[in-house]
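Heads up, the thing below is written out as structure tokens.
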Amino acid sequence: MSQIEQLKPLEVELYLPVRTYDIDFAGIVNNIVYVRWLEDLRLEMLSRFLPLEELLQNGIAPLILQTKIDYKQALQMTDRPIGKMWVESLASLRWIVSAEIAIAGKISAIAQQTGIFINLETKKPIRIPAQLQQQYDESVSRSI
């Protein structure tokens, strides 16, 4: 495990409610719900560190390129999962966030998403916004 993985820069945590419509025919949380929860976590991260409203006003939007989820334990209606997400890495154009969804400290799923930021007018990738890069760098340096 690398030092950055241990640091979990820009980490956010959310209670992820299980709704009746999240349950599939087998009585467990449907796989697509995890993707929605990842979106909830990413939006929370953006609201704290790089508000989406500011991005959009500046003609910038985040875009997901890839989502990977490893399901470790099925969740049911009565479970009360907690989700955590953090920035795993920032490169010049790409960012990677990692996430864990757990019940009472036991991991139910782990996930990773790769994304970019795009210019809304040109629809072309742009560099990681300076505000996000700075906060990430500061978070990493404080923990070293």
Side-chain angles (χ1 to χ4, degrees), residues 1-25 28-77 79-103 105-144:
M1 182 179 293
S2 78
Q3 189 173 17
I4 295 213
E5 289 172 330
Q6 295 170 5
L7 300 176
K8 297 186 178 182
L10 308 183
E11 185 175 31
V12 296
E13 181 177 303
L14 284 178
Y15 163 67
L16 303 169
V18 178
R19 310 282 187 206
T20 54
Y21 52 81
D22 293 334
I23 304 303
D24 66 16
F25 67 92
I28 60 175
V29 173
N30 190 294
N31 293 356
I32 196 67
V33 174
Y34 291 82
V35 176
R36 189 183 75 231
W37 286 342
L38 293 175
E39 182 74 9
D40 292 342
L41 285 161
R42 245 188 7 273
L43 287 173
E44 179 65 22
M45 183 181 289
L46 283 173
S47 75
R48 291 186 193 180
F49 301 108
L50 188 65
L52 187 57
E53 298 80 22
E54 288 179 28
L55 283 174
L56 295 175
Q57 287 172 358
N58 291 318
I60 299 170
L63 181 73
I64 296 296
L65 300 175
Q66 182 180 53
T67 298
K68 295 179 188 177
I69 304 174
D70 292 327
Y71 303 98
K72 305 291 186 183
Q73 172 186 337
L75 294 176
Q76 299 178 358
M77 184 70 211
D79 291 328
R80 298 183 53 84
I82 300 290
K84 293 182 180 183
M85 179 176 277
W86 60 93
V87 176
E88 189 74 33
S89 68
L90 292 180
S92 62
L93 294 178
R94 289 182 188 240
W95 49 266
I96 298 174
V97 293
S98 292
E100 296 174 345
I101 296 171
I103 308 164
K106 186 173 180 184
I107 301 296
S108 176
I110 56 173
Q112 192 172 72
Q113 292 185 310
T114 301
I116 58 174
F117 289 91
I118 62 167
N119 176 304
L120 287 171
E121 188 175 314
T122 66
K123 306 294 189 247
K124 297 208 183 276
I126 62 168
R127 293 186 70 76
I128 299 297
Q131 178 182 349
L132 184 61
Q133 184 70 57
Q134 179 182 354
Q135 290 181 81
Y136 173 80
D137 292 344
E138 289 172 1
S139 178
V140 169
S141 67
R142 277 192 305 268
S143 301
I144 292 179

Counting N and O atoms only, with roles assigned by atom type, does the side chain of Ser92 sit under 3.5 Å from a partner on the main chain of Arg127, one being a donor and the other an acceptor?
-> no
Shortest non-hydrogen pair, Phe117 vs Pro129, comes out as CD1-CD, 3.4 Å
Would you call Glu100 and Lys106 a salt bridge, using N to O less than 4.0 angstrom?
no
Do Gln66 and Lys68 have side chains that approach each other closer than 4.5 Å (heavy atoms only, starting at C-beta)? yes
Minimal heavy-atom distance between Trp95 and Pro62, with the atoms involved, is CZ2-CB, 4.5 Å
Could you please spell out the steps behind the side-chain contact (heavy atoms from CB on, under 4.5 Å) verdict for Val29 and Gln76?
-> CA-CA 6 Å; Val29 173; Gln76 299 178 358; over 6 Å; no
inquiry  = Are the side chains of Pro81 and Trp37 in contact, using a 4.5 Å heavy-atom criterion?
reply    = yes
Point to revise | Pair Met85-Leu38, side-chain contact (heavy atoms from CB on, under 4.5 Å): steps then yes or no | key: CA-CA 8 Å; Met85 179 176 277; Leu38 293 175; 4.0 Å; yes
Can you tell me how the ring of Tyr71 sits relative to the ring of Tyr34, calling it parallel under 30°, perpendicular over 60° and tilted otherwise? perpendicular
Practice item. Would you check if Lys124 and Ile118 make a side-chain contact, meaning some heavy-atom pair closer than 4.5 Å? Key: no
Within-4.5 Å side-chain heavy-atom neighbours: Ser98 and Gln112:
yes
Heavy atoms of Asp22 and Pro17 approach each other most closely as OD2-O, 3.7 Å
Taking every heavy atom of Ala74 against every heavy atom of Asp79, the minimum-distance pair comes out as O-OD2, 4.2 Å
- Keeping the roles fixed (side chain from Asp137, backbone from Gln134), state whether a donor-acceptor pair exists under 3.5 Å. no
Student check: side-chain heavy atoms of Ile107 and Ile101 closer than 4.5 Å
no
Any Thr114 side-chain heavy atom under 4.5 Å of Arg94 side chain: yes
If you define the side chain from C-beta out and look only at heavy atoms, does anything of Leu10 sit under 4.5 Å from Leu132? yes
Review point. Given side chains that start at C-beta, do those of Lys72 and Ile110 come closer than 4.5 Å, heavy atoms only?
Key: yes
Exercise for the section: Could you check Ile23 against Ile28 for side-chain contact (heavy atoms from CB on, under 4.5 Å), going step by step and ending with a plain yes or no? Expected result: CA-CA 5 Å; Ile23 304 303; Ile28 60 175; 6.0 Å; no
Rounded to the nearest 0.5 Å, the NZ atom of Lys8 sits from the OG atom of Ser139 at a distance of 12.5 Å
**Study point:** side-chain contact (heavy atoms from CB on, under 4.5 Å) between Val35 and Ile69, worked out
**Key:** CA-CA 8 Å; Val35 176; Ile69 304 174; 3.9 Å; yes
For Ala91 and Ile128, the nearest pair of non-hydrogen atoms, with its separation, is O-CG1, 2.9 Å
Main-chain N/O of Leu120 paired with Lys123 side-chain donor or acceptor, under 3.5 Å:
yes
| said: Using a 3.5 Å distance criterion without hydrogens, assess whether the side chain of Asn30 forms a donor-acceptor pair with backbone atoms of Ile32. | reply: yes
Would you mind writing out the side-chain donor-acceptor pairs for residues 40-55 within the sub-3.5 Å range, not counting sequence neighbours?
unit_1 : atom_1 : unit_2 : atom_2 : d
Arg42  : NH1    : Gln113 : OE1    : 2.5
Arg42  : NH2    : Glu39  : OE1    : 2.0
Glu44  : OE2    : Arg48  : NE     : 2.7
Glu44  : OE2    : Arg48  : NH2    : 3.0
Ser47  : OG     : Glu44  : O      : 2.8

Of all heavy-atom pairs linking Leu93 and Ile116, the shortest is O-CG2, 3.5 Å
query = Okay, side chain of Asn58, backbone of Ile60: is any donor-acceptor separation there less than 3.5 Å?
reply = no
